[in-house]
Amino acid sequence: MSQQKKVVVVFDLDETITTIDTFPFLLIRVLAKRPSRWLKALHLPFLYGLYLMGRYDNTKLKQKATETILGGLEASEVSEIASWIVDALVKSHLRPRAAWVLEAHRSAGHHTILATASFDFYVGDLAKRLGFETVLCTPLIWRNGRVGSQNGLENCYGSEKARRVRQWLDQSLENAHIIAYSDSSADVPLFELADVAVAVNGSKNLKRLGIAHGSQDWQDVDKAQEDFDEVLQQSM
């Protein structure tokens with residue numbers, strides 16, 4: 001790797017840095033506080049089943065779930081939910097090695113990006129707590145001070161996430177060496193953009209697609225330095 005190139009490290013969030021998918025975690029929290037919305041949400045498991053079978057689009061599912069469960073909430077209510085979810089994630093739902101790897105890259109002078117389909121209203125604060133320099137995420141759509149229809153949702157997912165990363169690079173750095181960490185086959189477009197791709201607790205789909213080179217188990221804290229050194233070697 002040319003010494004003139006700036007190293008940019010892109011991290012996925014859900015089940016890469018966290019041990020859980022933060023979106024359903026968020027929805028369940030809202031339903032627990034507002035049980036009257038359970039009835040309106042009864043169709044969502046059916047839509048999720050269609051999504052798992054590849055018969056329903058991820059962005060459409062996210063739109064429907066957000067409108068059904070968060071729709072109409074005021075900004076103050078959403079802010080309260082965001083504070084709770086960030087505290088809960090930091091306290092109990094981060095992968096043991098995520099903070100170590102992030103700090104190792106920062107100490108090496110690398111620029112860190114959190115790129116996630118999760119919503120901006122809680123990802124922004126979480127990214128600050130974790131020390132990220134740049135955040136690319138999904139903006140929640142508001143109408144007259146309340147959570148509104150999510151038609152036109154700019155879901156930072158799959159190829160759209162890779163496009164957003166590419167756009168940021170084009171605007172911010174002309175010459176960069178990219179390292180990407182993710183657990184999901186949805187991030188194959190991001191991995192194709194990266195110079196070094198690391199599958200974190202990679203899904204079966206990632207392994208089937210051959211993205212398992214550099215695969216790491218982020219529950220295994222003992223091998224953190226060894227794996228990090230290997231990533232840096234691939235970057236030279």
**Study point:** Lys64: partners by side-chain hydrogen bond (donor to acceptor under 3.5 Å, both in side chains), with sequence neighbours left out
**Key:** none
Check your understanding: Shared ILVMFWY cluster between Leu39 and Ile69, side chains joined below 4.5 angstrom?
Key -> no
Point to revise | side chain to side chain contact (heavy atoms under 4.5 Å, CB included) involving Gln150 - partner list, sequence neighbours excluded | key: Gln63, Thr66, Glu67, Phe119, Leu140, Ile141, Val147, Leu153
**Study point:** salt bridge (charged side-chain N to carboxylate O under 4.0 Å, His left out) contacts in which one or both residues fall within residues 156-165, not counting sequence neighbours
**Key:** Asp12-Lys161, Glu160-Arg163, Lys161-Asp187
Point to revise | OG1-CD1 distance between Thr112 and Ile179, expressed to the nearest 0.5 angstrom | key: 11.5 Å
Practice item. Spell out, yes or no, whether Leu52 and Leu50 are grouped together once hydrophobic residues are joined by side-chain heavy atoms under 4.5 Å, including indirect joins. Key: yes
**Study point:** Summary of salt bridge (charged side-chain N to carboxylate O under 4.0 Å, His left out) pairs that have at least one residue in residues 98-109, sequence neighbours excluded
**Key:** Glu103-Arg106
Exercise for review: State, yes or no, whether a side-chain contact exists between Val86 and Arg129 at a heavy-atom distance under 4.5 Å.
Suggested key: yes
Review point. Are Asn58 and Leu61 close enough that some pair of their side-chain heavy atoms sits under 4.5 Å apart?
Key: no
Enumerate donor-acceptor pairs with a distance under 3.5 Å from any side-chain N or O in residues 75-82 to protein atoms, sequence neighbours excluded.
| residue | atom | partner | partner atom | Å |
| --- | --- | --- | --- | --- |
| Glu77 | OE1 | Glu74 | N | 2.8 |
| Glu77 | OE2 | Arg34 | NH2 | 3.1 |

**Study point:** salt bridge (charged side-chain N to carboxylate O under 4.0 Å, His left out) partners of Asp57, counting only residues at least two apart
**Key:** none
Review point. Which class fits the ring pair Tyr181 and Phe11: parallel under 30°, tilted 30 to 60°, perpendicular over 60°?
Key: parallel
Point to revise | Arg95/Asp183 ion pair, N-O < 4.0 Å | key: no
**Study point:** Contacts of Ala88 that satisfy side chain to side chain contact (heavy atoms under 4.5 Å, CB included) - sequence neighbours left out
**Key:** Phe25, Trp84
Review point. If Ile, Leu, Val, Met, Phe, Trp and Tyr residues are connected whenever their side-chain heavy atoms lie under 4.5 Å apart, and connections chain through other members, are Leu42 and Val30 in the same group?
Key: no
Practice item. Could you walk me through whether His43 and Tyr48 pass the side chain to side chain donor-acceptor pair (under 3.5 Å) test, one step at a time? Key: CA-CA 9 Å; His43 67 296; Tyr48 182 66; over 6 Å; no
Check your understanding: With a 4.5 Å limit on heavy-atom distance, are the side chains of Leu126 and Ile17 in contact?
Key -> no
Revision key, fill the gap. Under a side-chain separation threshold of 4.5 Å, the hydrophobic residues clustered together with Ile113 are Val8, Val10, Leu136, Val165, Trp168, Leu169, Leu173, Ile178, Leu190, Leu193
Check your understanding: What orientation do Phe228 and His110 show, parallel under 30°, tilted 30 to 60°, or perpendicular over 60°?
Key -> tilted
Practice item. Using modelled atom types only, decide if a donor and an acceptor are shared between the side chain of Thr18 and the backbone of Glu15 within a distance under 3.5 Å. Key: yes
Exercise for review: Please identify each residue that fulfils side chain to side chain contact (heavy atoms under 4.5 Å, CB included) with Glu154, with sequence neighbours left out.
Suggested key: Pro139
Review point. Are Leu44 and Met53 connected in a single hydrophobic cluster, I mean Ile/Leu/Val/Met/Phe/Trp/Tyr linked by side-chain heavy atoms less than 4.5 Å apart?
Key: yes
Revision key, fill the gap. Quick note, ring pair (Phe, Tyr, Trp, His ring centres under 6.0 Å) partners involving residues 138-158, not counting sequence neighbours, are none
Review point. Is the closest side-chain heavy-atom distance between Leu102 and Phe132 below 4.5 Å?
Key: yes
Exercise for review: Could you tell me whether the side chain of His177 reaches within less than 4.5 Å of the side chain of Val196, counting heavy atoms only?
Suggested key: yes
Study note, to complete from the structure: Rounded to the nearest 0.5 angstrom, the CD-NE2 distance for Glu133 and His105 is 12.0 Å
Review point. Would you call Glu226 and Glu230 a side-chain contact if the rule is heavy atoms closer than 4.5 Å?
Key: no
Review point. Going hydrophobic residue to hydrophobic residue with side-chain gaps under 4.5 angstrom, can you get from Ile28 over to Tyr51?
Key: no
Practice item. Report yes if the side chains of Ser118 and Asp14 come closer than 4.5 Å at any heavy-atom pair, otherwise no. Key: yes
Review point. Do side-chain atoms of Thr68 reach the backbone of Ala41 as a donor and acceptor pair under 3.5 angstrom?
Key: no
Practice item. Give a yes or no answer on whether the side chain of Arg143 reaches the backbone of Gly148 with a donor-acceptor pair at less than 3.5 Å. Key: no
Review point. Got a sec: does the CZ of Arg55 have more than 12 other heavy atoms crowding it under 6.0 Å?
Key: no
Practice item. Applying salt bridge (charged side-chain N to carboxylate O under 4.0 Å, His left out), name anything that partners Asp170, two or more places apart in sequence or on another chain. Key: Arg166
Review point. Who passes side chain to side chain contact (heavy atoms under 4.5 Å, CB included) against Lys128, sequence neighbours left out?
Key: none
Exercise for review: Please tell me if the side chains of Leu114 and Thr134 come closer than 4.5 Å, counting only heavy atoms from C-beta onward.
Suggested key: no
